[in-house]
Amino acid sequence: MQHSTSDPSQGGSHFVYVAAAVAALGGLLFGYDTGVISGAILFIKDQFSLSSSMEELVVSAVLIGAVAGAAGGGTLADRLGRRWMLIISAAIFSVGAVGTALAPGPLPLLAGRIVVGVAIGVASFTAPLYISEIAPARMRGLLVGLNQLALTSGILISYLVDYAFSPIDGWRWMLGLAAIPSLTLGIAMLFMPPSPRWLVGKGENQQASSVLRRIRGTQQVEQELQEIGQGLERQASGSGALMGPIVKPALMVGVGLAIFQQITGINTVIYYSPTIFEYAGLNQSSTAILASVIVGVTNVVFTIVAIRLVDRVGRRPLLLVGLLGMVIGLFILGLAFELRGLSSFLQYIAVGSLMLYVASFAIGLGPVFWLLISEIYPLRVRGSATSLATVANWGANLVVAIAFLTLVDAIGRPGTFWLYAGVGIGAWVFVYALVPETKGHSLEEIEEHWHQGKPPRELRAKAEVR
Ligand code: BGC
């Protein structure tokens, strides 16, 4: 089952890039809709005279919706297919964008934000899943990574849109503009093919074959088709159940990474970076915007670095190096807060360590988590298993968002960042001990590994097995 570079399943037509880019609009919306509220809320709060608890609710409504969307979308992604789930999520995104933009009061706004959240929950895992299933193995990291690049760009664009519409208190525009990428996603996806692997799962081999020919740019797709079919036959033997012994180790890896991705604090920084910069003593109002933009740009730039490296150096090295950088960044950040007042130079140290932290996340846990959960599960349960990891991710995101300010009150700022650093060390050990290396393997080869009953960590990069 080893592929050489002359293997057609390793090649790709230009069309595969187009299909991946269209699906990645799901990532763009994920980023835009989570980022946009940070600026919009300032105006919404005033216009609707929101109490602080209502304000918190409006901000976290998306997370609540996302947990629900990710939970509900799993079996549907297996039943209706990844393509339809993206089309449905685009429709929900559009309704949410228009609904929130026109909301006459706080309750309809809250409802609209939950609707947007549901769409984010669905798109957050179906976009990587779709891309992973159409991508040739040797560039799967790059193509799935496009989704995270779109996500981080979406966050950055939302900050810029917030900035642009601030002078006219234009929160309705900020929220409503998401309708443009939403409609584009929905319409463009209608012209994209279904996932060939999902088609094989449905017994539609002929259609799968024609999709493969289109996205591989060759007529020779028989071998790939056969391998996908063989994988399914193995699962039909009954051992491929979601909670069964074959899937369980991969499930632990996905859910563990999902939780670590959030409890190492990334969204504390994404959602509260102006507050953190203020803590560090940089407190003119323009600094808040600048802070968000600097964080956003760093996130985008290092995501580009990651997706260029991920198919060459592999997933594990990026995770391990990224986590190390995050831990160092968090440790220094805590120290800068602990020693604050000693010198104004420490402000710059705080900003620098925050950048190191964001860059390190963008190199590792950010893109690699979503990539791995789209590749490590057997086809028969791929939708449900990916959705489970996604629910864990959004659930942990919600807990951290609610807990951050309380945590700062309870153990102080240095303590909070050191706590995240400690968790980061735990995450490093978890990755080192348990996470498989999927680089260069076809999804069927990864599946075969579980069927042999081997532990996740024994799956090594393709080059190493050769
Ligand atoms: C995470 C999000 C986070 C984003 C930041 C994603 O991989 O799942 O929670 O906001 O990265 O870039």
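Note that the structure is a prediction, hence the values are computed from the model and not measured. Whatever order the structure lists them in is the order used to number ligands and atoms, beginning at 1.
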With heavy-atom distances below 4.0 Å as the criterion, list the atoms of ligand 1 near [X].
X	answer
Asn397	9 (O)
Asn393	8 (O)
Asn299	5 (C), 12 (O)
Gly366	7 (O)

- Query: Between Phe43 and Trp173, is a ring pair (Phe, Tyr, Trp, His ring centres under 6.0 Å) present by the stated rule, with each step listed?
  - Reply: CA-CA 12 Å; Phe43 306 102; Trp173 282 104; over 10 Å; no
Closest non-hydrogen protein atom to [atom], residue and atom name please, with distance?
atom	answer
atom 4 (C) of ligand 1	Leu151 CD2, 3.9 Å
atom 8 (O) of ligand 1	Gln261 OE1, 2.9 Å
atom 11 (O) of ligand 1	Gln148 NE2, 3.2 Å

- Task: Check the angle between the aromatic planes of His14 and Tyr17 and answer parallel, tilted or perpendicular using the 30° and 60° thresholds.
- Result: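 His14 vs Tyr17 ring planes: tilted.
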- Query: Any N or O on Thr152 sitting closer than 3.5 Å to an N or O of ligand 1?
  - Reply: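 Between Thr152 and ligand 1, no N or O pair is found under 3.5 Å apart.
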- Message: Under 6.0 Å from the ring centre and within 45 degrees of the ring axis: does the NZ or CZ of Arg316 meet both conditions for the six-membered ring of Tyr432?
- Response: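 Yes - Arg316 lies over the ring of Tyr432, closer than 6.0 Å to its centre and within 45° of its axis.
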- Message: Using ring centroids (six-membered ring only for Trp), state whether Phe337 and Trp418 fall under 6.0 Å.
- Response: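 Centroid distance Trp418-Phe337: not below 6.0 Å, so no.
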- Only one of Ile180, Val161, Ile155 forms a side chain to side chain contact (heavy atoms under 4.5 Å, CB included) with Tyr32, so which one is it?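 Going through Ile180, Val161, Ile155 one by one, the side chain to side chain contact (heavy atoms under 4.5 Å, CB included) with Tyr32 is satisfied by Val161 alone.
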- Item | Closest to atom 9 (O) of ligand 1 among Val400, Asn267, Val269 (heavy-atom distance) |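 Among Val400, Asn267, Val269, the closest heavy atom to atom 9 (O) of ligand 1 belongs to Asn267.
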- Message: Is there a salt bridge (charged side-chain N to carboxylate O under 4.0 Å, His left out) between Asp409 and Arg413? Walk through the geometry before answering.
- Response: CA-CA 8 Å; Asp409 278 346; Arg413 290 157 200 167; over 6 Å; no
- Message: Check this for me: does any side-chain nitrogen of one of Arg457 and Glu437 sit under 4.0 Å from a carboxylate oxygen of the other?
- Response: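 Here Arg457 does not pair with Glu437 in a salt bridge, since their nearest N and O are not under 4.0 Å apart.
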- Message: Residue-level breakdown please: for Phe369 versus ligand 1, do any non-hydrogen atoms fall below 4.0 Å on the side chain, on the backbone, on both, or on neither?
- Response: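 The answer is neither.
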